[in-house]
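Just below is one structure, and these are the notes that go with it.
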Amino acid sequence: MKNKISAIIEKSVNFCAEQKLLGAMNLPYIEVDVPANTDHGDYASNIALILASGAKQNPRKIAQIIQENMADPENIIARTQIAGPGFLNFFIKDNIWQQTLQVIEEQKENFGRSSLGNGKKVQVEFVSANPTGPLHIGHARGAVVGDVITNLLTTVGYAVDKEYYINDAGNQMNNLGKSVLLRYRELLGEKIEFPETCYRGNYIKDIAANVISKEGNIYLAADEGKTISYLTGIAGQSILKEIQDDLRDFGVTFDHYFSEKELYINNGVANLLESLRKKNFVYSDGETLWFKTTDFGDEKDRVVIRKNGEPTYFAADISYHQNKFSRGYEMIIDIWGADHHGYMPRLWAGIQSLGYDKEALKIILVQLVNLLRDGVPVAMSTRSGEFVTLREVLDEVGKDAARYNFLMRRSDSHLDFDLEIAKKQSNENPVFYVQYAHARICSILRMSQQEHGIALPVYKDINPALLNEPEEMTLIKFMSRYPEVIEGAAKSLEPHRITFYLNELASVFHSFYNKNKVISDNRELTVARLFLIKAISIVLGNALKILGVNAPDKM
RNA sequence: GCGCCUGUAGCUCAGCUGGAUAGAGCAACGGACUUCUAAUCCGUUGGCCGAGAGUUCGAAUCCCUCCAGGCGCACCA
């Protein structure tokens, strides 16, 4: 609809230019907005204001010229007006809006889908937490954002894969094995001092106890290096399994789990660095190998091979991103905790040195979650074992409420998550407001069939012109904008726009519901309204599906 | 010290990339269940958009300078 309006304007402006009705100018991008105030029409354009500044003419006069030369071949415009400093306002005919209902009926669960992405291959990498402990509340936000961005991009026609990078080659994993060994010894009677670098959560004890019950005390005497590497493997696998289970129950699944170790197969990392050295992006100072990230705007160069000969995380990460591109992805999206933001220039330097466009790697920073209990900050540390796990949040608040909660804010805004409030307010959580709207509609549809014997109508059997109450027109117009909302959210990678849309759609529906009866003695009107609310339930359902939130039939 | 994010109603946050009178939810107050689900609806109160200058027809939005909070600034990941 928006596109039709801008096409009409463009045609008129071009015509006026040819006829020399307007002064010399070049045609700017034609902006069409939905005004905040409905008195200003269904759509409004500031085109005359834009042209006026270049042409040094009165904007209202320009608007008038454009208005007088407008053609409306499809006959969709009821009237236009010139308002304020020179806005051109458009009022669309009711029957045009009402046709949206037919589109929704035809497309059903596909309403809102588009081919914007053109099948382009995209990869979204997120969570990627080291398997050194269970996921905590801080990981949950990034998990939902990544998951929903994937759904969004899929909805608008991209071919999207979700990937989890398992960071299992560094010394943090080694510390994990060491921690298990220490607990193992402790459980077998030794007195143990735990170093700072070790993990102390109870899950470590569980793993150690499990090893004892299966294999006994044979590792007390065994070679320590081998034992640690063995225990690292055991612990890593068991923790990763737990992470996958937690994510699954949170509604998040992945297409690939990519192990950092794969990068080192066939000297992959070393070969990459060698090729970069030939291209002069890497230099040695005798002891360490440096990457010239300053060539790409970073504040200083970065180490890729340490004094001890080990490659850094950064070195592996360049290799990882090269691997991603080599798999044919045209766009790569990384979702990080905001505490990693300082790392961005480095990685961009890395992919540019490989010849890829900086724009091809989009990095979304998700601000950290500030965890509170009754207003008091809760200390969070994987190492000390003091944290609230994703599992606990799921048990306390539930999947739907937790997901919706994280999706209600822009990713880059800080988020306070108070456990007590989250629990207390779970009944007043906006997610229920939206779900309730869906359940209410389902209930009415059930009632109409079971109690009144009215079958679900099809579009050709209703008279859409009867749906002319203000609330009904608002609902229809609002639903017809759904595809634009999805497209906007996908383009800007901002899932929160959908939750705001949903809240508003639910709100308009609840108002309508309280003011008007769907099922009444007027059969013709009843049928039309049943069709209307069915359409609403489709839109609610489609949007909730993108969010990964359930749309219940009853509550 | 340098960099990134944030600052909008008492609280939590939107504000469609520069538009018309800045909006929701919660909280507070007053109303609506003999009715398709009251987990709902209707109404009232509440604002110097952190501060100051600038850009133009027009600024919460863009530029600059401050102030405040968060997070980074490793041969950790």
Side-chain angles (χ1 to χ4, degrees), chain A residues 31 33-37 39-40 44-46 49-50 52-53 58-59 83-87 89 128-130 132 167 169-173 175 197 260 287-290 299-300 302-317 337-345 365 367-368 370 408-416 418 421 425-433 435-437 439-448 451-452 481 484-485 488-489 492 494 496-497 499-501 503-504 506-507 509-520 526 529-530 533 554-555:
Chain A
E31 240 176 276
D33 283 331
V34 178
N37 186 337
D39 292 344
H40 297 140
S45 179
N46 61 354
L49 292 161
I50 303 281
S53 62
N58 181 343
F87 289 104
N89 296 339
S128 298
N130 290 1
T132 55
N167 219 216
N171 55 23
Q172 296 201 1
M173 287 303 288
N175 288 337
T197 51
E260 186 184 354
E287 289 185 308
T288 57
L289 199 63
W290 295 80
E299 54 187 7
K300 58 180 186 181
R302 307 290 173 175
V303 172
V304 280
I305 300 280
R306 295 189 270 248
K307 250 182 219 168
N308 66 7
E310 296 284 321
T312 58
Y313 175 85
F314 174 48
D317 215 16
D339 52 341
H340 288 74
H341 69 261
Y343 189 76
M344 292 164 65
L365 294 177
Q367 285 295 331
L368 301 183
N370 195 15
M408 277 176 29
R409 288 163 180 80
R410 266 197 353 255
S411 302
D412 54 7
S413 84
H414 298 92
L415 170 61
D416 287 345
D418 193 310
I421 291 177
Q425 291 192 337
S426 62
N427 265 4
E428 298 155 17
N429 196 305
V431 71
F432 295 108
Y433 182 79
Q435 289 180 319
Y436 185 50
R440 251 184 170 172
I441 291 171
C442 292
S443 170
I444 299 168
L445 294 176
R446 262 197 310 275
M447 197 67 74
S448 72
E451 309 278 318
H452 304 272
R481 278 175 197 147
E484 290 165 23
V485 172
S492 58
E494 291 180 344
H496 75 276
R497 292 193 193 187
T499 57
F500 279 87
Y501 176 84
N503 277 328
E504 198 168 339
S507 165
F509 166 72
H510 285 309
S511 291
F512 161 77
Y513 174 91
N514 274 274
K515 203 166 165 188
N516 304 287
K517 298 283 286 180
V518 173
I519 300 170
S520 68
T526 299
R529 284 185 171 163
L530 284 172
I533 64 168
K554 57 174 84 163
M555 285 172 75

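The figures that follow rest on heavy atoms only: side chains count, while hydrogens, waters and symmetry mates do not. Convention: sequence-line order gives letters A, B, ...; per-chain numbering from 1. Keep in mind it's a predicted model, so treat the numbers as computed, not measured.
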Worksheet item: Where each residue is assigned the nucleotide of RNA chain B containing its nearest heavy atom, which of A:Asn130 and A:Met447 is assigned the position nearer the 5′ end?
Response: A:Met447
Practice prompt. Report yes or no: is there a donor-acceptor pair, N or O only, under 3.5 Å between the side chain of A:Asn503 and the base of B:A14?
Written response: no
Worksheet entry | C1' atoms of B:U45 and B:G52, separation to the nearest Å | 32 Å
Worksheet item: Is the phosphate of B:C33, meaning OP1 or OP2, less than 4.0 Å from a side-chain N or O of A:Tyr513?
Response: no
Worksheet item: What distance do A:Leu365 atom CG and A:Met344 atom CE have between them, rounded to the nearest 0.5 Å?
Response: 5.0 Å
Worksheet item: Could you give the CG-to-C1' distance, from A:Asn429 to B:A27, as a whole number of Å?
Response: 16 Å
Worksheet item: For atom P, what is the distance between B:A24 and B:C62, given to the nearest Å?
Response: 24 Å
Worksheet, complete the sentence: A:Val303 has its side chain closest, among B:C75, B:G19, B:C5, to B:C75
Item to complete: Could you tell me whether the side-chain ring of A:Phe500 sits stacked on the base of B:A14, using a centroid cut-off under 5.5 Å and a plane angle under 30°?
Response: no
Fill in: Where the chi angle of B:U65 falls, syn if within 90° of 0 and anti if not
anti
Worksheet item: Is the distance from OP1 or OP2 of B:A38 to the nearest side-chain N or O of A:His510 less than 4.0 Å?
Response: no
Worksheet item: When the P atoms of B:G25 and B:A14 are considered, how many whole Å apart are they?
Response: 16 Å
Discussion item. I need the CG-C1' distance between A:Asn37 and B:C16, as an integer number of Å.
Written reply: 17 Å
Item to complete: Grab the CG-P distance between A:Asp33 and B:C16 for me, whole Å please.
Response: 10 Å
Item to complete: Determine if the base of B:C13 is syn or anti; take syn to mean the glycosidic torsion is within 90° of 0.
Response: anti
Fill in: Under 4.0 angstrom between A:Arg410 side-chain N/O and B:C5 OP1 or OP2
no
Worksheet item: Which value, in whole Å, describes the distance between the C1' atoms of nucleotides B:A53 and B:C41?
Response: 47 Å
Worksheet entry | OP1 or OP2 of B:C36 under 4.0 Å from side-chain N/O of A:Arg529 | no
Worksheet item: CZ of A:Arg440 versus P of B:A39: gap in Å, rounded?
Response: 8 Å
Practice prompt. Report the nucleotide, chosen from B:C75, B:U6, B:A39, that has the shortest atom-to-atom distance to any side-chain atom of A:Asp412.
Written response: B:U6
Practice prompt. State whether the distance check finds a donor on one side and an acceptor on the other, under 3.5 Å, for side chain A:Asn46 versus base B:G19.
Written response: yes
Worksheet entry | Nearest non-hydrogen partners of A:Ala83 and A:Asn89, listed with the distance | CB-ND2, 3.6 Å
Worksheet entry | Whole-Å C1' distance, B:G19 and B:C11 | 30 Å
Item to complete: Give a yes/no on whether any side-chain N or O of A:Ser411 is located under 4.0 angstrom from OP1 or OP2 of B:C5.
Response: no
Item to complete: Output yes when at least one side-chain N/O atom of A:Ser511 is less than 4.0 Å from OP1 or OP2 of B:C42, else no.
Response: yes
Worksheet item: Yes or no on salt bridge (charged side-chain N to carboxylate O under 4.0 Å, His left out) for A:Glu484 and A:Arg481, after CA distance, side-chain angles and deciding distance?
Response: CA-CA 5 Å; A:Glu484 290 165 23; A:Arg481 278 175 197 147; 5.1 Å; no
Fill in: Spacing of CE belonging to A:Met173 relative to OG1 belonging to A:Thr132, to within rounding of 0.5 Å
7.5 Å
Item to complete: Mind telling me whether A:Phe500 and A:His496 have parallel, tilted or perpendicular rings, with 30° and 60° as the class edges?
Response: perpendicular
Worksheet item: Looking only at N and O atoms, is any donor in the side chain of A:His340 or the base of B:G72 less than 3.5 Å from an acceptor on the other one?
Response: no
